[in-house]
**Student:** 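For reference, the structure I am asking about is given below.
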Number of protein chains: 2
Amino acid sequence: MGTQSVTEQGDDPAETILARIRARGGAATIYDIAELAEVNPSTVSRALGKPGRISAATAARVHAAAERLDFRINPMARALQTGKTRMLGLVLADITNPFVFGIVRGAELEAAAAGYTLVIAESQESGENEAEAIERLLPSVDGLVLATTRLGAGAIGRLAARKPVVLINRAVEGVQSVLPDVEAGVEALMSHLAGLGHRSVAYLAGPDSSWMSARRWSSILAAAEQRDIAIVEIGPGVPTIEGGREALRRVNAARVSAVIAYNDLMALGLMQEAAARGVVVPDQLSVAGFDDIFGTELITPPLTTVHADLITAGRRAVQELLEPGTAVQIEQSDDLLPTRLIVRGSTGTA
Amino acid sequence: MGTQSVTEQGDDPAETILARIRARGGAATIYDIAELAEVNPSTVSRALGKPGRISAATAARVHAAAERLDFRINPMARALQTGKTRMLGLVLADITNPFVFGIVRGAELEAAAAGYTLVIAESQESGENEAEAIERLLPSVDGLVLATTRLGAGAIGRLAARKPVVLINRAVEGVQSVLPDVEAGVEALMSHLAGLGHRSVAYLAGPDSSWMSARRWSSILAAAEQRDIAIVEIGPGVPTIEGGREALRRVNAARVSAVIAYNDLMALGLMQEAAARGVVVPDQLSVAGFDDIFGTELITPPLTTVHADLITAGRRAVQELLEPGTAVQIEQSDDLLPTRLIVRGSTGTA
DNA sequence: TTGTAGGCGTTATCAC
DNA sequence: GTGATAACGCCTACAA
């Protein structure tokens, strides 16, 4: 009878279950699937979770039922049991700095590919905000990428003891990090400048709390010594366009023929202010930066800069979080991210 | 005795519990607190969760114990029970487009202020990727902000039926959205151009799937008609610098004295290509864009554009998600985000 | 290969 | 005002 009356309502067990799911206003669970596939919930969990651990026939039934009920696993329930949230945190000092775009994209790409979700927090360049943001998302993530962190080495170390941490553009003893090959980039830049006849150069430093600014400075200092070029450090300064603009006066006062800014944003600001004050770049002053961000090709003359592959940096950081051993420990100089000099119009003969 | 021997070890109950927590390699739970404060776990939950519902003395003991054990609530456990994850999703077409910076910052700011965590996904301008990304993070979030979505109205509607959704720069019947006041911006821009004597203008369109591109075009068309200015639409084009560069030839062929690009990125590309081909902006061609992104002041001449307050857009979208009623329904023309014309050097007399 | 049972950390619903 | 107890949805020994 039942098989004959095709018009009969409510006979489809799947429909019955779906109705119940809708009624409780939620999503399908493994219990619903178990009921429809006529197996135990634990069997469903296994069929969905591990490949070969279940008979092909049962697995097929389970998958069909899951499909039918439009099942999505509840990440919270899974996380509660396993302790793994499949989420990764990315902490940035300043989201509006074009420098971070590449990092975000690379990290998101790699995270998504591995089935992880990326959560983002911004510290607005404040160490306090950063600590707060980290505390806030620490319980929800399996690991953390700190790009341009303003935290001290101690705080970073303690953090790394709690959860996997990977640093970008920062090295701390015992903590994984993704670093560009600063040496190589600086070498290329300095010989470029030397080749143009510059004998007196200034380095426009970033914030005091920036590890990378110090790193670049020490590298530049060494390269200058080696070439017998006069070098001065100016700063510290805010790592923004505004920071660059404000520094022009001191750069001029230093009477150098070329200036290397901590980052492209500062270099850009420097050039804008130079243009505003009638200082011709590169005729009267050569300017170079770091990172090769968006905008370096827009300005006139376009900016000479040391390119860093930020997308790869983001990818690597996430890879390292997911399977430790891929990235690089402090000062293990191979495996640094390649860096290359992009010569554009902002540098010229002295 | 016990009270006398101050040197006695392991007598501090807090220490004992802390040791046990460390031993199991996890974090403190409300059970640990309950034990230390000598109350029931449910009391701990209440003391921590709701304000007045507990006696002051008990609450104090609980808080002290929580502090002592460095307790952080487990968001997964809470979410499992409440169904609320306190996470919000932000889906973007292209993270590297400076257009999104403001949105991300605004959204993150507002989310953090409300104790929410922001998770980010990028679709790389592909509707398929976008759908996939949304499926991936839907179970983990309480709501979704879609900025520059490439999804169809149907898909968006179905999505909004499952979870709270707020759109930025896109309107769909029955779905909340945050929209700029396109009319006002276009009016200002067109009268600016008319005042400069332009009688023939081109609109360089964005992608076909971009709602906002169509919106801007219809607004421009109306404003041009009203002023008896000749207007042509060129496109569709890719909404990037490259897309702008590629369009120059068609813009020239149209013999217009001014071009309005769908967004600043395309305007920037147009100008770069113009410079490369010896077309002088604004003498031979006036160029204007939309959004006022990073970089518009860098290029020479700086770009005239219709500024949109993207940070506020991001904030509003999140506010609306958190407490519906704040933002604006389709075509409810008040409550649009104010927009204003920024006149710079890329527009001049015809 | 599959079922049973217990637990992950929290909140909610009852009692008292 | 506080305590006991049962979910929330999933995973995982252990047993069968």
Side-chain angles (χ1 to χ4, degrees), chain A residues 17 20-21 23-63 65-66 69-87 115 138-140 142, chain B residues 17 20-21 23-63 65-66 69-87 115 138-140 142:
Chain A
I17 294 173
R20 195 186 53 206
I21 292 169
R24 73 167 182 253
T29 73
I30 57 170
Y31 289 90
D32 301 315
I33 299 178
E35 190 177 336
L36 183 53
E38 298 178 305
V39 295
N40 189 282
S42 64
T43 303
V44 175
S45 174
R46 282 187 286 250
L48 264 27
K50 355 252 182 185
R53 276 244 174 288
I54 231 83
S55 90
T58 313
R61 282 220 314 291
V62 168
H63 280 107
L69 300 181
D70 193 31
F71 172 79
R72 338 251 145 193
I73 199 162
N74 180 327
M76 307 304 146
R78 186 214 282 268
L80 182 56
Q81 168 64 22
T82 61
K84 260 78 196 71
T85 62
R86 300 192 137 266
M87 295 200 273
L138 202 57
S140 327
D142 292 343
Chain B
I17 295 174
R20 194 185 56 206
I21 293 170
R24 72 166 182 254
T29 73
I30 57 170
Y31 288 90
D32 300 315
I33 299 177
E35 190 178 336
L36 184 54
E38 299 179 304
V39 293
N40 191 280
S42 62
T43 302
V44 175
S45 175
R46 280 188 288 250
L48 264 28
K50 356 254 184 185
R53 275 257 183 272
I54 230 85
S55 89
T58 313
R61 283 220 313 290
V62 168
H63 281 106
L69 301 181
D70 194 29
F71 171 80
R72 337 253 146 192
I73 199 160
N74 180 326
M76 306 303 148
R78 185 215 285 266
L80 182 57
Q81 168 65 19
T82 62
K84 262 77 195 71
T85 62
R86 300 193 139 265
M87 295 200 273
L138 203 57
S140 324
D142 292 342

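Chain letters run A, B, ... following the sequence lines, proteins first and then strands; every chain starts at 1.
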**Student:** When rounded to the nearest 0.5 angstrom, what is the spacing between CG in B:L48 and CD1 in B:I33?
**Tutor:**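 B:L48 CG to B:I33 CD1: 5.5 Å, rounded to 0.5 Å.
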**Student:** Output the rounded distance in Å from CE (A:M76) to P (C:dG7).
**Tutor:**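 Nearest whole value for this atom pair: 24 Å.
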**Student:** Are A:T58 and C:dT2 close enough that a side-chain N or O sits under 4.0 Å from OP1 or OP2?
**Tutor:** yes
**Student:** Ignoring hydrogens and angles, does a donor from either the side chain of B:Q81 or the base of C:dG9 sit under 3.5 Å from an acceptor on the other?
**Tutor:**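 Flag unset: no donor-acceptor pair detected.
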**Student:** Locate the shortest heavy-atom distance separating B:I54 from B:A59; write the atom from each residue and the value.
**Tutor:**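 Looking at all heavy atoms of both residues, the closest pair is CG2-CB, 3.3 Å.
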**Student:** Any side-chain to backbone donor/acceptor pair from A:T85 onto A:S140? Under 3.5 Å, distance only.
**Tutor:** yes
**Student:** Once you round it to whole Å, what is the distance between P of C:dG9 and CG of B:N74?
**Tutor:**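 Taking atom P of C:dG9 as the reference, CG of B:N74 is at 7 Å.
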**Student:** Which nucleotide in the list C:dG9, C:dG3, C:dA12 gets nearest to the side chain of B:K50?
**Tutor:**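 Of C:dG9, C:dG3, C:dA12, C:dA12 is nearest to the side chain of B:K50.
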**Student:** B:L80 has a side chain; which of C:dT10, C:dG9, C:dT1 sits nearest to it?
**Tutor:**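 Minimum distance to the B:L80 side chain belongs to C:dG9.
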**Student:** A:E35 CD to D:dG9 P: how many Å, rounded?
**Tutor:** 14 Å
**Student:** Send over the distance from B:R20 CZ to C:dG9 P, rounded to a whole Å.
**Tutor:**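 That distance rounds to 11 Å.
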**Student:** When you measure from the side chain of B:S42, which nucleotide among D:dT2, C:dT2, D:dT5 comes out closest?
**Tutor:**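 Among the listed nucleotides, the one closest to the side chain of B:S42 is D:dT5.
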**Student:** Consider the side chain of B:S55, meaning its heavy atoms from C-beta on, and name the nucleotide among D:dT2, D:dG3, C:dT10 that approaches it most closely.
**Tutor:** D:dT2
**Student:** Does B:R46 get its side chain close enough to the base of D:dG3, under 3.5 Å, for a donor-acceptor pair?
**Tutor:**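 Yes.
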**Student:** Whole angstrom is fine here: how far is it from CZ in B:R78 over to P in D:dG9?
**Tutor:** 17 Å
**Student:** Round to a whole Å and report the spacing from CD of B:E38 to C1' of D:dG1.
**Tutor:** 17 Å
**Student:** NA contact type, A:K84, heavy-atom cut-off 4.0 Å: base, sugar-phosphate, or nothing?
**Tutor:** nothing
**Student:** If you measure from CG on B:N74 to CG on B:L80, what distance do you get to the nearest 0.5 Å?
**Tutor:**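 Nearest 0.5 Å value for the CG-CG distance: 9.5 Å.
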**Student:** If I take atom CG in residue B:L48 and atom P in nucleotide D:dG1, what distance separates them, rounded to the nearest angstrom?
**Tutor:**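 Checked: the CG to P distance equals 18 Å.
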**Student:** Look up atom CZ in B:R24 and atom OG1 in B:T29, then write down how far apart they are to the nearest 0.5 Å.
**Tutor:**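 Between atom CZ of B:R24 and atom OG1 of B:T29 there are 5.5 Å.
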**Student:** May I ask you to verify whether the side chain of A:Y31 and the base of D:dC8 hold a donor-acceptor pair under 3.5 Å?
**Tutor:** no
**Student:** Base, sugar-phosphate or nothing for A:S45? Non-hydrogen atoms, less than 4.0 Å.
**Tutor:**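 Answer is base: heavy atoms of A:S45 come under 4.0 Å of a base.
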**Student:** Base, sugar-phosphate, or nothing: which does A:I54 touch, judged by heavy atoms less than 4.0 Å apart?
**Tutor:**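 Sugar-phosphate contact only - A:I54 comes under 4.0 Å of backbone atoms but never of a base.
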**Student:** Have a look at A:N40 and say if it touches a base, only the backbone sugar-phosphate, or nothing, with a 4.0 Å heavy-atom cut-off.
**Tutor:** base
**Student:** Which nucleotide in the list D:dG9, D:dC11, D:dT2 gets nearest to the side chain of B:T43?
**Tutor:** D:dT2
